[in-house]
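Down below is the structure, laid out as structure tokens.
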Amino acid sequence: MKITAIIMQSLDGFLARSNNDDLSWGSRADRNFFIEKTKEIGTMLMGSTTFDNMKGTNGKAFNSRNAIVFTSRLAEYQNYSSEFGQVRFVSDTPQSVISELESNGVTEAALIGGGHLIHQFLETKLVNEIYTTITPKLFGSGIKMCAEQLADLNLKLLDFSKISDNELLLHYKVEYL
Ligand SMILES: NC(=O)c1ccc[n+]([C@@H]2O[C@H](COP(=O)([O-])OP(=O)(O)OC[C@H]3O[C@@H](n4cnc5c(N)ncnc54)[C@H](OP(=O)(O)O)[C@@H]3O)[C@@H](O)[C@H]2O)c1
């Protein structure tokens, strides 16, 4: 399974100011990239806090994509399965969920956050590539792209582009040591 993390962050490495940040500080260019890339990949992986912030879009955020949401509160989230047909809720380790997806023929997934889920996937060496947009903001505090300390890894820059006046999109390969 190829897993690509897709994350927008402030220059000082925060992906949100708080849990209920609506991410409206992001640019249209970044949103367009996110929509295009996640549709191309087809399956999105996210934590329940990220889902909570996306579910208010009347399902638009899930159009033409499948979504897997990690939560230990399956009963609480069950009702959303009928509201958003293409969203599935799981309570397991990243490795088990990825193995199950692979056995169902899924070959690629986009890991879209937040920091808690990204940390688990990096820690278990499951992330192959990272796209990250460096948004021209400094927050000073907030939710880190990676929730906890990580084992050492290197990033190899594959590509970069300027996607709007003050914003860079970086594309890295993850090399685990
Ligand atoms: N800038 C960006 O690109 C970007 C991207 C995504 C999110 N965000 C923002 O980041 C914030 C959320 O990030 P976050 O790190 O706090 O939360 P998160 O990673 O989205 O969600 C964490 C929650 O998911 C559930 N979970 C995670 N791993 C699990 C597992 N293996 N099994 C079962 N449940 C699991 C747990 O909640 P429960 O078990 O209690 O359900 C956990 O507290 C929001 O503000 C969001 O808008 C920003």
Side-chain angles (χ1 to χ4, degrees), residues 1-19 21 23-51 53-54 61-62 64-70 90 93-99 101-102 106-139 141-164 166-177:
M1 166 90 67
K2 178 180 177 186
I3 299 180
T4 303
I6 302 176
I7 288 297
M8 164 182 83
Q9 58 180 304
S10 63
L11 181 58
D12 50 350
F14 295 105
L15 51 78
R17 286 183 193 271
S18 64
N19 263 350
D21 189 330
L23 308 185
S24 55
W25 44 274
S27 70
R28 181 181 294 271
D30 178 69
R31 262 193 300 282
N32 289 343
F33 169 75
F34 176 83
I35 292 167
E36 191 182 316
K37 200 70 193 168
T38 50
K39 283 188 176 173
E40 178 190 313
I41 293 174
T43 298
M44 302 188 292
L45 309 168
M46 71 189 81
S48 62
T49 313
T50 297
F51 171 78
N53 282 358
M54 288 173 75
F62 308 108
S64 311
R65 284 154 286 181
N66 294 315
I68 308 290
V69 179
F70 286 75
V90 296
T93 61
Q95 293 99 321
S96 302
V97 172
I98 294 308
S99 298
L101 287 171
E102 282 175 336
V106 179
T107 56
E108 212 178 336
L111 174 62
I112 66 161
H116 283 94
L117 200 60
I118 291 174
H119 176 261
Q120 292 171 51
F121 273 78
L122 282 169
E123 194 61 21
T124 46
K125 304 187 175 183
L126 286 168
V127 181
N128 302 101
E129 291 185 14
I130 299 173
Y131 282 98
T132 189
T133 301
I134 308 297
T135 304
K137 295 282 181 187
L138 289 167
F139 292 158
S141 68
I143 295 175
K144 279 281 191 191
M145 176 178 166
C146 217
E148 291 168 52
Q149 194 172 35
L150 278 174
D152 206 7
L153 55 80
N154 286 335
L155 299 176
K156 181 179 176 200
L157 186 64
L158 297 178
D159 201 3
F160 64 95
S161 57
K162 186 177 174 187
I163 58 167
S164 68
N166 302 302
E167 201 170 37
L168 287 180
L169 172 64
L170 308 176
H171 181 193
Y172 288 104
K173 182 176 191 297
V174 184
E175 295 183 332
Y176 298 99
L177 304 176

One should read off an interatomic distance between D12 CG and T135 OG1, to the nearest 0.5 angstrom, of 11.0 Å
dist N66:CG -> T43:OG1 (nearest 0.5 Å) comes out at 5.0 Å
So the salt bridge (Lys or Arg N to Asp or Glu O under 4.0 Å) pairs with at least one residue in residues 110-136 (sequence neighbours excluded) are K2-E129
Side chain of N128, backbone of T4: donor and acceptor closer than 3.5 Å? no
> Quick one: are N53 and L23 in side-chain contact, heavy atoms under 4.5 Å?
Replying inline: no
Flag side-chain contact, heavy atom, 4.5 Å: I163 against L168:
no
Sorted by chain and number, sequence neighbours left out, ring pair (Phe, Tyr, Trp, His ring centres under 6.0 Å) with Y131 holds for F33, H171
In short, salt bridge (Lys or Arg N to Asp or Glu O under 4.0 Å) pairs touching residues 26-37 with sequence neighbours left out are K37-E40
Requested in this report: Could you check if a side-chain atom of L153 sits within less than 4.5 angstrom of a side-chain atom of V174, using non-hydrogen atoms only?
Outcome: yes
Quick note, salt bridge (Lys or Arg N to Asp or Glu O under 4.0 Å) partners involving residues 151-161, not counting sequence neighbours, are none
Practice task
For the residue pair T38 and I6, establish whether any side-chain heavy-atom pair is separated by less than 4.5 Å.
Solution key: yes
Check: N154 side chain, E175 main-chain N or O, donor-acceptor pair, under 3.5 Å:
no
Pair K137-F14, side-chain contact (heavy atoms from CB on, under 4.5 Å): steps then yes or no:
CA-CA 9 Å; K137 295 282 181 187; F14 295 105; over 6 Å; no
- Is there a side-chain contact between T133 and F34 (heavy atoms, below 4.5 Å)? no
F70 meets the ring pair (Phe, Tyr, Trp, His ring centres under 6.0 Å) criterion, sequence neighbours left out, with F121
Side chains of L101 and M1, heavy atoms from C-beta outward: is any pair under 4.5 Å? yes
What one should report as the nearest heavy-atom pair of R65 and I35 is NH1-CA, 4.1 Å
Around atom CD of Q149, are there more than 12 heavy atoms of other residues, nucleotides or ligands at under 6.0 Å?
no
Between S96 and T93, the two heavy atoms sitting closest are OG-OG1, 2.9 Å
NZ (K144) and CD (Q9) are apart, to the nearest 0.5 Å, by 8.5 Å
The salt bridge (Lys or Arg N to Asp or Glu O under 4.0 Å) partners of E167 (sequence neighbours excluded) come to none
Taken to the nearest 0.5 Å, the spacing of L111 CG from L117 CG works out to 5.5 Å
For I41 and E108 the tightest heavy-atom approach is CG1-OE2, 3.6 Å
For this session: For the residue pair M44 and T50, establish whether any side-chain heavy-atom pair is separated by less than 4.5 Å.
Result: no
Any non-hydrogen side-chain atom of W25 less than 4.5 Å from a side-chain atom of M8? yes
Looking only at heavy atoms, the pair that brings L122 and C146 closest together is CD1-SG, 3.9 Å
CG of L126 to CD1 of I118, rounded to nearest 0.5 Å, is 13.0 Å
Legend entry - Enclosure of Y176 OH (heavy-atom neighbours >12, cutoff 6.0 Å): yes
CG (L169) and OG (S164) are apart, to the nearest 0.5 Å, by 10.0 Å
Closest non-hydrogen contact found for A109 with L45 is CB-CD1, 3.8 Å
Shortest non-hydrogen pair, V69 vs S48, comes out as CG1-CA, 3.8 Å
Partner of L15 under side-chain contact (heavy atoms from CB on, under 4.5 Å), picked from I7, D21, T132, is I7
